[in-house]
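Read the numbers this way: they start at 1 and go in the same order the structure lists the ligands and their atoms.
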Amino acid sequence: MIHLENIVKTYKVGTQEVRALRSVSIDIYKGEYVAIMGASGSGKSTLMNIIGCLDTPTSGTYVLNAKDVSSLSDDSLAEIRNSEIGFVFQVFNLLPRNSALENVMLPLVYAGKRKAERKKMAEETLVDVGLQDRMEHKPNELSGGQRQRVAIARALVNKPALLLADEPTGNLDSKISEEIMKLFAEIHRKGNTLVMVTHEEEIALHAHRVIRLKDGEVESDIINEDPIY
Ligand code: ADP
Ligand code: ADP
């Protein structure tokens with residue numbers, strides 16, 4: 001599903017060049033559950049931005065779902081993001097004045113679905129994440145864990161091929177983080193492909209494969225034989 005070959009990303013800072021990714025080659029198959037780890041500055045966000053089609057590499061090849069997306073225009077990248085990728089961030093980015101249901105319906109507006117269908121799909125997805133009793137609540141009427149569930153439902157409602165999560169438990173206490181990891185395990189069992197960035201070892205142990213970055217390179221890439229759940 002994801003084929004990254006010799007990916008290099010450099011940023012220009014004044015006259016200096018910062019090499020955020022040096023030569024990263026990774027393949028991720030459909031249905032995998034991968035954690036990306038590494039110290040601050042090792043290139044995790046840069047790699048996620050490239051995998052998520054938020055940014056393009058300086059050089060190298062990125063093939064996503066059999067499409068070469070290495071050097072597409074911003075518009076084409078946006079289209080791929082909207083149709084094929086669901087994002088979960090550390091900050092939930094929910095619309096504060098809208099209900100959980102309305103927040104989850106929103107991505108379907110861009111997908112051109114009719115209102116009745118948007119409502120039905122959003123309701124089903126909220127049931128899937130265990131929020132059947134909270135659909136009419138606004139974000140400030142929900143707990144942190146429930147808000148993250150709304151954000152996860154919003155990421156999944158379009159049935160994307162790939163779910164990307166950047167520090168999905170970064171703002172949550174350990175009990176609620178565990179609940180979110182249980183939900184991720186269910187999402188994975190249903191056949192979704194998950195890639196998450198985390199700096200927490202306990203969180204990474206839920207994934208079935210752990211890739212560690214160091215100074216913009218893959219330091220190790222290990223199958224987790226004994227994932228939690
Ligand atoms: P991580 O997410 O692992 O903390 P990043 O991908 O954010 O790492 O950063 C990798 C390297 O690239 C760091 O040295 C960082 O300072 C640099 N970097 C990241 N984003 C930018 C940017 N927009 N401009 C310049 N340098 C950047
Ligand atoms: P970090 O991993 O350094 O803590 P964040 O988790 O805030 O950084 O964001 C990681 C990257 O994801 C950022 O470089 C940013 O460009 C992108 N990002 C974060 N939130 C959004 C969003 N709502 N929409 C699009 N891109 C986002």
Side-chain angles (χ1 to χ4, degrees), residues 1-28 32-64 68-78 80-81 84-93 144 148 151-152 155 160 162-174 177 180-181 184 193-224 227:
M1 159 171 282
I2 292 173
H3 174 71
L4 297 161
E5 197 176 325
N6 301 329
I7 295 290
V8 173
K9 181 71 183 181
T10 55
Y11 296 106
K12 284 209 171 59
V13 181
T15 55
Q16 297 267 51
E17 280 212 338
V18 178
R19 300 205 115 199
L21 296 176
R22 287 164 189 276
S23 180
V24 169
S25 298
I26 298 170
D27 283 287
I28 296 173
E32 278 201 283
Y33 182 3
V34 179
I36 295 176
M37 299 202 74
S40 182
S42 59
K44 303 183 297 295
S45 295
T46 302
L47 181 62
M48 281 298 261
N49 286 347
I50 290 172
I51 292 177
C53 295
L54 293 157
D55 203 353
T56 50
T58 307
S59 67
T61 307
Y62 177 21
V63 179
L64 172 65
D68 191 336
V69 295
S70 317
S71 50
L72 291 180
S73 68
D74 287 350
D75 283 354
S76 309
L77 287 176
I80 289 171
R81 282 201 301 275
E84 300 190 32
I85 305 173
F87 294 94
V88 178
F89 294 103
Q90 181 170 5
V91 284
F92 311 131
N93 293 317
Q148 185 60 303
I152 292 167
L162 174 63
L163 184 66
L164 293 182
D166 194 350
E167 299 282 1
T169 59
N171 275 331
L172 301 170
D173 73 32
S174 58
S177 295
I180 296 297
M181 287 301 104
F184 273 28
T193 310
L194 267 78
V195 180
M196 73 173 166
V197 164
T198 180
H199 65 271
E200 295 176 77
E201 294 284 345
E202 304 101 273
I203 295 299
L205 290 175
H206 294 79
H208 292 221
R209 177 177 169 194
V210 180
I211 298 173
R212 274 169 218 275
L213 298 182
K214 191 182 177 190
D215 300 331
E217 290 179 301
V218 174
E219 181 188 33
S220 64
D221 183 349
I222 292 170
I223 300 295
N224 180 9

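Distances from ligand 1 to the non-hydrogen atoms of G41 include at least one value under 4.0 Å. Distances shorter than 4.0 angstrom do not occur between any heavy atom of G216 and any atom of ligand 1.
Under a 4.0 Å criterion applied to the non-hydrogen atoms of S40, ligand 1 contributes the atoms 4 (O). Those atoms of ligand 1 with a heavy atom of K44 less than 4.0 angstrom away are 1 (P), 2 (O), 3 (O), 4 (O), 6 (O), 8 (O). Which parts of ligand 1 touch A39 is read off a 4.0 Å heavy-atom cut-off, strictly below it: atoms 3 (O).
Residue-to-ligand polar distances keep V18 apart from ligand 1: every N/O pair is separated by 3.5 Å or more.
The part of V13 lying near ligand 1 is the side chain, judged by heavy-atom distances below 4.0 Å.
A donor-acceptor pair under 3.5 Å is formed between the side chain of K44 and the backbone N or O of A39. Side chain of S25 to main chain of N6: a donor-acceptor pair is present (N/O by atom type, distance under 3.5 Å, no hydrogens or angles).
The side-chain heavy atoms of L47 and I36, taken from C-beta on, include a pair separated by under 4.5 Å. Within the 4.5 Å cutoff, the side chain of T56 has no heavy atoms near those of the L72 side chain.
Under 4.0 Å is where a charged nitrogen must lie from a carboxylate oxygen, and between D215 and R19 no such pair does.
Using a 3.5 Å distance cut-off with no hydrogens or angles, the side chains of Y33 and T193 do not pair a donor with an acceptor.
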